[in-house]
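Have a look at the structure below before the remarks.
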There are 2 protein chains.
Amino acid sequence: MSKPSFRDQVLKAREDAIVDAVNRLLADKGFDAMTVDAVAAEVGIAKASLYKHFESKEALAAAAMVRVLARAQAFCDTEAAALPKPLDRLKALARWTMQVQLAGEMPSLPAQNSTLRTALVADRVYMDRLVALSECLGEWIEAAQADGSLSPRLPAEVVLYTLFARACDPVLGVLKAGASYTDAEIIEWLLSSCFDGLAAR
Amino acid sequence: MSKPSFRDQVLKAREDAIVDAVNRLLADKGFDAMTVDAVAAEVGIAKASLYKHFESKEALAAAAMVRVLARAQAFCDTEAAALPKPLDRLKALARWTMQVQLAGEMPSLPAQNSTLRTALVADRVYMDRLVALSECLGEWIEAAQADGSLSPRLPAEVVLYTLFARACDPVLGVLKAGASYTDAEIIEWLLSSCFDGLAAR
DNA sequence: GTCTATATAGCGATAGAC
DNA sequence: GTCTATCGCTATATAGAC
């Protein structure tokens with residue numbers, strides 16, 4: 001590991017600022033409604049300069065996704081891993097994703113866009129991080145099913161996809177927009193509906 | 001009620017065909033990726049002719065939403081209403097929405113598009129149907145909480161929004177794309193995760 | 001690498017003939 | 001009401017000077 005030059009550090013700082021802006025815009029408007037012009041304006045540089053750092057709009061979104069996946073992985077490796085019960089680790093991660101969403105920092109990629117999905121699956125860094133996170137969660141899911149705390153009827157795959165989907169659950173945004181509940185209430189309700197279900201226990 | 005003229009019937013049939021196409025395209029690609037050209041091509045008429053029937057792309061989407069809301073209302077008024085327990089009525093509706101989604105007939109409107117949402121809330125027919133359906137479901141939700149079958153901790157509003165959100169749950173599409181499960185399995189798992197939760201009972 | 005200015009293309013919407 | 005042809009705008013992406 002050679003120490004990065006000052007010049008490289010400046011470059012990295014700028015790219016971080018770009019990804020910050022992309023992340024905010026993705027969380028706020030979604031991929032389709034986000035324009036590269038808006039990204040450039042938010043960063044405060046010319047659009048052409050953006051394309052010196054990232055080769056396409058899809059690459060911008062991918063970078064934002066990579067960073068949020070990295071944040072999730074870091075949470076799993078530290079705070080969540082410190083919890084003894086695997087179900088509690090899964091709940092902690094779900095709570096964390098909801099907090100990120102409430103903070104307006106969860107980039108939401110409409111699940112259907114085709115050029116975007118093509119670019120993402122072709123992105124090695126993104127796919128590697130996604131697989132790594134999925135494997136980590138997969139182990140917890142199986143452990144939680146083994147110790148009887150997670151429903152054994154659901155395939156691990158279904159649980160995994162459900163957790164990913166709840167990280168972008170539009171219900172959270174609607175409740176927040178209603179403005180009559182606190183963030184803490186919203187999170188507890190959505191966690192409850194996710195893990196305990198709508199039916200009474 | 002005067003009998004509609006033959007001419008009006010032909011007109012209505014054409015508009016139904018248009019809404020059919022819009023519905024398919026919305027379910028397949030979503031609002032942003034759907035182009036008016038594609039709608040015209042699928043119906044087999046010129047784009048300009050479309051605009052004689054609907055004044056904008058947003059109006060096309062609204063018409064598709066109105067129709068699916070009407071279908072949902074019809075299901076509630078007949079099959080679901082025939083069930084004695086309110087919780088079973090809610091489950092029946094959730095199952096129905098998942099079947100519609102699996103059939104590729106559930107128009108999905110990315111929750112964030114601004115021009116679209118503006119047009120929808122300004123659409124009296126759409127809003128009236130949405131309110132009517134919500135009131136119907138709201139009564140069932142309160143009844144289910146009153147008889148102890150639905151979790152009393154969740155506000156009725158949260159349950160209602162969750163049911164709407166699950167009608168477009170992306171998890172279903174992902175599982176179907178995986179192609180290793182039957183439609184019936186997918187529906188049962190998602191119903192279970194929605195009403196019983198991920199945690200073991 | 002950053003800028004201004006522009007190329008290119010797709011799409012929503014419309015004009016005008018029939 | 002249907003068509004062909006086109007307008008007008010927006011957005012991604014690039015050229016070329018500095």
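Quick note: numbers below take in every heavy atom, side chains included, and nothing from hydrogens, waters or symmetry partners. By convention in this document, chain letters (A, B, ...) are assigned in the order of the sequence lines, proteins followed by strands, and residues within each chain are numbered from 1. Owing to the predicted nature of the structure, the values given are computational and were not obtained by experimental measurement.
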Item checked: Between dT4(D) (P) and Tyr51(B) (OH): distance, integer Å ->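 After rounding, the gap between these two atoms is 16 Å.
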
Next item on the list: Could you tell me the separation between the CG atom of Leu50(A) and the P atom of dT14(D), rounded to a whole number of Å?
Entry: 13 Å

Margin query: One pair to check against side-chain hydrogen bond (donor to acceptor under 3.5 Å, both in side chains): Ser149(A) and Asp147(A). What are the steps and the verdict?
Written below: CA-CA 6 Å; Ser149(A) 58; Asp147(A) 75 14; 2.7 Å; yes

Next item on the list: Could you tell me which non-hydrogen atom of Cys168(B) sits nearest to which non-hydrogen atom of Gln101(B), and how far apart they are?
Entry: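 Where Cys168(B) meets Gln101(B) most closely, the heavy atoms are C-NE2, 3.6 Å.
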
Check: Closest approach of Phe54(A) and Ala59(A), non-hydrogen atoms and distance?
Finding: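 Where Phe54(A) meets Ala59(A) most closely, the heavy atoms are CD2-O, 4.1 Å.
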
Notebook entry, point to check: Quick one, which residues of residues 20-34 of chain B touch DNA chain C with a heavy atom under 4.0 Å?
Noted result: Met34(B)

Item checked: Lys/Arg-Asp/Glu bridge criterion (N-O < 4.0 Å) met for Arg95(A), Asp88(A) -> no

Notebook entry, point to check: Are Asp16(A) and Lys12(A) within salt-bridge range, i.e. N to O under 4.0 Å?
Noted result: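 Yes, this pair counts.
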
Notebook entry, point to check: How would you give the extent of chain B contacts on DNA chain C, as first and last nucleotide 5' to 3' within a 4.0 Å heavy-atom cut-off?
Noted result: dC11(C) to dA15(C)

Next item on the list: Mind checking Lys52(B) for me? I need base, sugar-phosphate or nothing, with any heavy atom below 4.0 Å counting as a touch.
Entry: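 Answer is base: heavy atoms of Lys52(B) come under 4.0 Å of a base.
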
Next item on the list: Could you check whether Ser49(A) gets within reach of a base, just the sugar-phosphate, or nothing at all, counting any heavy atom under 4.0 Å?
Entry: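 Touches a base.
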
Next item on the list: Would you kindly compare Asp37(B) and Ala48(A) by the position of their nearest DNA chain C nucleotide and give the one closer to the 5′ end?
Entry: Ala48(A)

Checklist line | Test applied, side-chain contact (heavy atoms from CB on, under 4.5 Å); reference residue, Val22(B); option that passes from Leu60(B), Leu50(B), Val36(B), Val43(B) | finding: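 Single side-chain contact (heavy atoms from CB on, under 4.5 Å) partner of Val22(B) among Leu60(B), Leu50(B), Val36(B), Val43(B): Leu60(B).
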
Notebook entry, point to check: Should we count CZ of Arg117(A) as having more than 12 external heavy atoms under 6.0 Å?
Noted result: no

Note to self: Would the distance check show the side chain of Lys57(A) and the main-chain N or O of Met34(A) forming a donor-acceptor pair, the cut-off being under 3.5 Å?
What the structure shows: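 Here the side-chain-to-backbone pair exists.
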
